[in-house]
Amino acid sequence: MGNEIFRDRLNRKIEKFILEAQDCIKLEHNGMAGNVREILVQELLLPLLPEGIHIGSGKVTDSSGNLSSQSDIIIYDRRTVPPILYDDKQGVFPIESVYYVIEIKTNLTKKEFDKSIQNGQKLRSLKGVQPHSALFAFNSNLKDSKDSDRFIQTQKDMLVPLPINIFCVVGKEYGFWDKVWKILPDTDNNIVIVSFLVGIINTLVKARHFYQPSIDPGWYFFPGYDPFL
């Protein structure tokens with residue numbers, strides 16, 4: 001009975017998210033991707049986060065000052081080095097405190113996919129404990145092939161952690177890398193969105209217990225010093 005209550009409540013939130021996101025996308029305005037992101041954060045992510053975990057957006061940095069590309073959603077905590085925030089969400093986030101970097105796409109085209117891979121590669125070039133790099137797409141332009149094929153084929157010769165190691169395409173597929181790709185097709189009842197959210201929850205809860213930073217946080221305050229040398 002308890003499990004049904006949790007799942008039913010989550011499904012209602014997902015259905016609300018889908019309807020509101022569809023309304024935004026129909027307007028076909030450049031700012032709609034930002035609105036879809038905010039709906040995803042407010043309706044689905046924030047209510048599920050463990051105590052002490054926060055959501056922002058901006059860039060990830062390492063102790064040497066290297067920066068990632070702009071990221072839509074950054075899930076982090078403040079146990080090591082707190083971020084530099086320019087408002088209540090936008091800022092620069094030390095990689096030591098970041099668990100997830102998530103890109104949001106209203107429609108996953110080849111151009112958008114290639115850009116996301118490049119952004120993921122830039123993130124992976126940073127030094128320190130690497131966060132999960134995820135892509136969440138509300139729709140995809142693929143009709144005759146699976147989205148998982150391009151995630152797998154494009155990254156098959158790349159080193160782990162992969163530029164994108166988690167993806168979710170609403171109504172189609174959810175996949176994540178764990179030594180091999182594990183792919184879940186959308187069968188019914190919003191299973192791919194549920195799986196995406198549950199994967200985040202499980203990772204965060206485990207990380208809160210076992211996470212150890214790769215460097216002492218104070219090194220962020222010594223510009224130009226590389227503690228890895």
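Hydrogens, waters and symmetry mates play no part in the numbers below; they use all other heavy atoms, side chains included.
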Checklist entry - How many angstroms lie between CZ in Phe138 and OG1 in Thr106, if you round to the nearest 0.5 Å? => result 9.5 Å

Next on the checklist: Quick one: does any side-chain atom of Ser125 pair with a main-chain N or O of Lys122 as donor and acceptor, under 3.5 Å?
Outcome noted: yes

Next on the checklist: Going by side-chain hydrogen bond (donor to acceptor under 3.5 Å, both in side chains), name the residues that satisfy it together with Asn107, two or more places apart in sequence or in a different chain.
Outcome noted: none

Item to check | N/O donor-acceptor pair under 3.5 Å between Thr109 side chain and Glu112 backbone | outcome: yes

Checklist entry - Within the distance-only criterion (no hydrogens, no angle test), does the side chain of Asn190 pair as donor or acceptor with the backbone N or O of Ile193 below 3.5 angstrom? => result no

Donor-acceptor contacts under 3.5 Å from residues 156-166 side chains, at least two apart:
unit_1, atom_1, unit_2, atom_2, d
Asn165, OD1, Ser133, N, 2.9
Asn165, ND2, His132, ND1, 2.9

Next on the checklist: Among residues at least two apart in sequence or on other chains, which ones pass side-chain contact (heavy atoms from CB on, under 4.5 Å) with Glu43?
Outcome noted: Lys16, Glu20, Ile39

Checklist entry - Val169, Ile73: one ILVMFWY side-chain cluster at the under-4.5 Å cut-off? => result no

Item to check | Counterpart residues, side-chain contact (heavy atoms from CB on, under 4.5 Å), relative to Leu46 (two or more places apart) | outcome: Val41, Gln42, Leu49, Ile55

Item to check | Pairs satisfying ring pair (Phe, Tyr, Trp, His ring centres under 6.0 Å), at least one member in residues 41-70, at least two apart | outcome: His54-Tyr76

Item to check | Joint cluster assignment, Leu10 & Ile53, ILVMFWY side-chain distance < 4.5 Å | outcome: yes

Item to check | Pairing residues for Asp114 by the side-chain contact (heavy atoms from CB on, under 4.5 Å) criterion, not counting sequence neighbours | outcome: Lys110

Checklist entry - Quick one: side-chain hydrogen bond (donor to acceptor under 3.5 Å, both in side chains) partners of Gln155, sequence neighbours excluded? => result none

Next on the checklist: Testing Leu67, Asn66, Val101 one by one against Leu123 for a side-chain contact (heavy atoms from CB on, under 4.5 Å), which residue passes?
Outcome noted: Val101

Checklist entry - Atom CD1 in Ile102, atom OG in Ser57: separation rounded to 0.5 Å? => result 12.0 Å

Next on the checklist: Give me each pair satisfying salt bridge (Lys or Arg N to Asp or Glu O under 4.0 Å) with a member in residues 129-139, each pair once, sequence neighbours excluded.
Outcome noted: none

Checklist entry - Are the side chain of Asp72 and the backbone of Ile104 linked by a donor-acceptor contact shorter than 3.5 Å? => result yes

Next on the checklist: Taking Leu40 as the starting point, is it possible to reach Leu204 by hopping between hydrophobic residues whose side chains are less than 4.5 Å apart?
Outcome noted: yes

Checklist entry - Taking the hydrophobic residues Ile, Leu, Val, Met, Phe, Trp and Tyr, and joining any pair whose side-chain heavy atoms are under 4.5 Å apart, which ones share a cluster with Leu142? => result none

Checklist entry - With Gln70, which residues qualify under side-chain contact (heavy atoms from CB on, under 4.5 Å), at least two apart? => result Lys59, Gln90

Checklist entry - What pairs of residues pass the salt bridge (Lys or Arg N to Asp or Glu O under 4.0 Å) test when at least one of them lies in residues 161-181, not counting sequence neighbours? => result Asp178-Lys182

Next on the checklist: Restricting to salt bridge (charged side-chain N to carboxylate O under 4.0 Å, His left out), what partner residues turn up for Asp147, sequence neighbours left out?
Outcome noted: Arg150

Checklist entry - Could you walk me through whether Arg37 and Glu103 pass the salt bridge (charged side-chain N to carboxylate O under 4.0 Å, His left out) check? => result CA-CA 9 Å; Arg37 178 188 66 222; Glu103 284 202 46; over 6 Å; no

Checklist entry - Side-chain heavy atoms under 4.5 angstrom apart, residues restricted to Ile, Leu, Val, Met, Phe, Trp, Tyr: same cluster for Phe136 and Tyr174? => result yes

Item to check | Worked check of side-chain contact (heavy atoms from CB on, under 4.5 Å) between Tyr86 and Val92 | outcome: CA-CA 9 Å; Tyr86 300 106; Val92 179; 4.1 Å; yes

Checklist entry - Under 4.5 Å between side-chain heavy atoms, hopping through other hydrophobics if needed: is there a path connecting Leu44 to Val192? => result yes

